[in-house]
Amino acid sequence: MFIVSAFIEVLLPVTVVVVCGYALRRRFELDLPSLNRLSMYVLGPALIFTTIVRIDVTGDEAVRIIAASVALCLGIGVVGLIVGTLMRLDRGSLMALLLCVMFMNSGNYGLPTTRFAFGEAGFQRALLYFIAQTILAQTLAVPIASAGRGDLKSAVRQMFTMPQIYAVAAGLLARFSGIDLPHRDDASGSVFRGMALMADAALPLLLLLLGMQLANGTTVEDVRLTMVVAGLRLGVSPLLAYGLARALALDDLALRVVVLEASMPTAVNMVLYSLEFNARPRFVAGVVVVTTLMSLVTLTLLLSVLR
């Protein structure tokens, strides 16, 4: 009953929206790049900015959640590097493996799942984890994907055109300026409410986009390696996250949020990085689809324990 309840209460609402996005993409020719840009350059930054301004998490706890996110990314990367070396993978396959195991779908999938599982308090902590993952993806995924290929210098320059970093900076500036934007009645308060309105649209669009991206279809390349990656991403990662959360003395809610976020499938945007730098993009796309489908089972089991 706990398992059924976990799926119905948390994952079923998420699945409904993802399936709608999938069906929409299969029925109509949609401009997916434009929708991605809308999410990346407008709604996502608005969500980050408004949540940082309104977040009700102490500074010490926020630092420890971010530290857990960074440590997990690096730790599972080391595990992946060891596994890939033992398997004697070529350089391209090893870089693809690292992309798949280090970077999880903590945004499209993780944020709404955490909100359904642990409410607004859990969602705020999940957003801190997601912000750290976003910055890590922009700083680490590029050199990993481009190892031995592509123009790394121009890719690094492009990193600083991404808006999430500036949304974090603006949110921190607004928060520590002492201005209570959510409750002001002047123009600054009205601007904030407009940002909050856009932020409210971010999570539904993220889930719809996930369904649309899955609808593109792909084939699983190298089944053995795909299963190894899935085991690392969906099995080893949450265990490592639990150990790190305990080591960092996170409280009960933050621990559960960190473990849940660490259990997410491979991030969809890793396909874009692998395409840009030719790091086995078909393999990475297959891993995204396989881990996303498998996560319906693994997350249901995990949620029945965490909740």
Side-chain angles (χ1 to χ4, degrees), residues 14-15 17-19 21-37 39-40 73 76-77 80 83-84 87 89-110 133-134 136-138 140-150 155 158 205-235 237 263-299:
V14 172
T15 304
V17 184
V18 173
V19 169
Y22 179 92
L24 195 64
R25 174 67 170 167
R26 298 290 291 182
R27 178 64 179 84
F28 300 104
E29 287 293 331
L30 300 173
D31 186 1
L32 200 53
S34 293
L35 291 173
N36 273 317
R37 292 187 188 102
S39 173
M40 182 179 297
C73 180
I76 195 65
V83 171
M87 294 179 69
L89 298 179
D90 61 80
R91 190 175 185 82
S93 297
L94 181 60
M95 295 305 106
L97 180 147
L98 291 178
L99 288 177
C100 292
V101 301
M102 291 178 67
F103 306 106
M104 63 225 68
N105 199 344
S106 56
N108 298 54
Y109 200 167
Q133 285 293 311
T134 298
L136 285 168
Q138 292 176 13
L140 295 182
V142 169
I144 290 172
S146 63
R149 298 186 177 96
Q158 184 181 358
L205 182 61
L206 285 172
L207 286 175
L208 288 170
L209 280 171
L210 177 57
M212 293 175 193
Q213 288 157 342
L214 292 176
N216 286 335
T218 188
T219 56
V220 178
E221 184 181 275
D222 196 336
V223 175
R224 174 172 168 265
L225 185 56
T226 297
M227 291 300 102
V228 170
V229 170
L232 292 173
R233 176 88 302 283
L234 301 176
S237 181
S263 309
M264 292 297 147
T266 298
V268 176
N269 60 346
M270 290 305 109
V271 178
L272 302 179
Y273 286 111
S274 63
L275 279 169
E276 179 70 22
F277 299 102
N278 194 28
R280 294 196 64 180
R282 289 184 61 191
F283 168 75
V284 175
V287 169
V288 169
V289 173
V290 169
T291 55
T292 300
L293 294 176
M294 289 178 65
S295 70
L296 292 175
V297 176
T298 58
L299 286 175

So Leu24 and Leu30, side-chain contact (heavy atoms from CB on, under 4.5 Å) or not? Walk me through it. CA-CA 8 Å; Leu24 195 64; Leu30 300 173; 3.8 Å; yes

Could you measure the distance from the CG atom of Leu207 to the OH atom of Tyr109? Nearest 0.5 Å is fine. 9.5 Å

Donor-acceptor contacts under 3.5 Å from residues 97-105 side chains, at least two apart:
| from | atom 1 | to | atom 2 | distance (Å) |
| --- | --- | --- | --- | --- |
| Asn105 | OD1 | Asn108 | N | 3.2 |

Calculate, to the nearest 0.5 Å, the distance between atoms CD1 and CE belonging to Ile144 and Met270 respectively. 8.5 Å

Just checking, is any N or O donor in the side chain of Ser93 or Arg280 under 3.5 Å from an acceptor N or O on the other one? yes

Cys73 and Leu140 have their tightest heavy-atom pair at SG-CD1, 4.3 Å

Ala215 versus Arg26, closest heavy-atom pair with distance: O-NH1, 3.4 Å

Hits for side chain to side chain contact (heavy atoms under 4.5 Å, CB included) against Thr226, two or more places apart or cross-chain, chain-then-number order -> Val220, Phe283, Val287, Val290

Report the residues that fulfil side-chain hydrogen bond (donor to acceptor under 3.5 Å, both in side chains) with Ser39, sequence neighbours left out, ordered by chain and then residue number. none

Using the side-chain hydrogen bond (donor to acceptor under 3.5 Å, both in side chains) criterion, which residues pair with Asn36? Sequence neighbours excluded. Gln213

Using side-chain hydrogen bond (donor to acceptor under 3.5 Å, both in side chains) as the criterion, list what pairs up with Thr291, not counting sequence neighbours. none

side-chain hydrogen bond (donor to acceptor under 3.5 Å, both in side chains) against Ser237, all qualifying residues, sequence neighbours excluded: Arg233

Show your working on side-chain contact (heavy atoms from CB on, under 4.5 Å) between Met264 and Leu299 and close with a plain yes or no. CA-CA 8 Å; Met264 292 297 147; Leu299 286 175; 4.0 Å; yes

Of all heavy-atom pairs between Asp222 and Leu225, which one has the smallest distance, and what is that distance? OD1-N, 3.2 Å

Please name the pair of heavy atoms, one in Val284 and one in Ala96, separated by the smallest distance, quoted to 0.1 Å. CG2-CB, 4.0 Å

Walk me through it: do Thr266 and Thr292 pass the test side-chain contact (heavy atoms from CB on, under 4.5 Å)? CA-CA 7 Å; Thr266 298; Thr292 300; over 6 Å; no

What pair of heavy atoms forms the shortest contact from Met212 to Gly21, and how long is it? CG-O, 3.3 Å

Rounded to the nearest 0.5 Å, what's the gap from CG on Leu35 to CE on Met40? Could you check? 12.0 Å

